Amino acid sequence: MSNGKLGFGLMRLPQKENVIDIEQVKKMVDLFLSSGFTYFDTAYAYGEGASERAARDAIIKRYPRNAFTLATKLCKLEPQSKMREELKISLQRSEAQYFDYYLLHAVSRNNIDAFNEQKIWDFVKEMQQKGLIKRWGFSFHDTPEFLEQILKEHPDASFVQLQINYADWNNPQIQSRACYEVARKHGKDIVIMEPVKGGTLADPIEEAKHLFKAYNPSASYASWALRFAASLEGVIAVLSGMSNMEQVEDNCSFMKEFQPLNSGEYEVIKKVQSLYVESPRIPCTACHYCTPGCPKNIPIPEVFAARNLVLEKGDVEGAKSLYREVIKEGNPPNACIACHQCERICPQGIKVIDKLVECHSYFEGK
């Protein structure tokens, strides 16, 4: 690992004419590495392979292999027989030679049978013995009780990737704190995903902004979120899905010489956490896990983003304008047939169907 905990998530890379802007990514990578950080995170499924190819062009072809650490993920495929092919394809796409960190992606009750039936747990250990994987673990979106079960059944996993941020710390749906405590009880290193909750904590609710600025007018909102995550013990990397140079510059500025939150800052965070418990916003992070399988092609995250403009900012006209643009690209919320695939896969545990009904009622009922 590097001397810092900041990790570069390669999921939301900048685009130019609907393809990843590799030249801009190169500049972002150069600044990140020159600031003393090394951890890059991609996945087989990100951009249908575009993210792994971007890692090849921006990092792997330009730096010695020991100058960085690279993580990727095995994502359950249909048919299941192809699951074991993903590592081979990821290595071919990225030309990485090996992966420093290899994860089973989004392990949960919904997909555990597939991982078990294909004996993927044995597969990753075999690949580790062959040197194609240095360390293996899994990312996780489920209950602390299920995490306890998985870690008891698979004690060889050396790390766990968890969704942790100050807004979800005590969220009964996400249970960030409880999952963190289970992982630490088992002595696992932790990689943190969604520390800025899909970017939403970089532009938090208005009441939170006032509290943050009153305490430290010069600190970015994202810095509060990343430093909260990085202040936790046992954390080896805090992933930030950086999509432009400004984000890399900001993140490196306060993570380069990292200082854990002090007691005064924790008090501010506690007040902000209370605000989020009471917030009516739909907690969507626009990960888009729900949309590929939607049989009615409903742009769910974008619909929710339009509704949140009203719930968070009271921007009625902006919300209606965004909604009109959104449904030009897909079906409106009332096209939903309640198949529940979106709810089964949603990392945030959102009751998507109920929220779509709410959105349709708001935008179409007026």
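Heads up: numbering here begins at 1 and tracks the sequence. Note that this is a predicted model, so its numbers are computed, not measured.
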Go through the structure and list residues passing side-chain hydrogen bond (donor to acceptor under 3.5 Å, both in side chains) with [X], not counting sequence neighbours.
{"X": "Lys271", "answer": "none"}
{"X": "Glu343", "answer": "His340"}
{"X": "Ser51", "answer": "Thr42"}
{"X": "Glu249", "answer": "none"}

Shared hydrophobic cluster for [X] and [Y] (ILVMFWY, side-chain gaps under 4.5 Å):
{"X": "Trp169", "Y": "Leu226", "result": "yes"}
{"X": "Leu261", "Y": "Leu211", "result": "yes"}
{"X": "Met11", "Y": "Tyr44", "result": "no"}

If only side-chain N and O atoms count, and only distance matters, is there a donor-acceptor pair under 3.5 Å linking [Y] with [X]?
{"X": "Arg109", "Y": "Thr143", "result": "yes"}
{"X": "Gln161", "Y": "His105", "result": "no"}
{"X": "Gln247", "Y": "Ser243", "result": "yes"}
{"X": "Asn334", "Y": "Glu364", "result": "no"}

Would you please name every residue forming a salt bridge (Lys or Arg N to Asp or Glu O under 4.0 Å) with Asp250, sequence neighbours left out? none
Closest heavy-atom contact between Ala54 and Leu13? CB-CD1, 3.8 Å
Is the closest side-chain heavy-atom distance between [X] and [Y] below 4.5 Å?
{"X": "Arg65", "Y": "Phe68", "value": "yes"}
{"X": "Lys197", "Y": "Tyr276", "value": "no"}
{"X": "Trp136", "Y": "Phe99", "value": "no"}
{"X": "Val310", "Y": "Tyr362", "value": "yes"}

Using the six-membered ring wherever Trp is involved, compare the ring planes of Phe363 and Tyr323 and label them parallel, tilted or perpendicular (cut-offs 30° and 60°). parallel
Aromatic ring pairing His154/Trp121, orientation class (parallel under 30°, perpendicular over 60°, tilted between): parallel
When you measure from the side chain of Asp100 to the backbone of Leu70, do you find a donor-acceptor pair of N or O atoms at a distance under 3.5 Å? yes
With a 3.5 Å distance limit and no angle check, can you tell me whether Thr291 reaches the backbone of Pro299 through a side-chain donor-acceptor pair? no
Give me each pair satisfying side chain to side chain donor-acceptor pair (under 3.5 Å) with a member in residues 11-25, each pair once, sequence neighbours excluded. Glu23-Lys26
Do Phe138 and Phe115 have ring centroids that are under 6.0 Å from one another? no
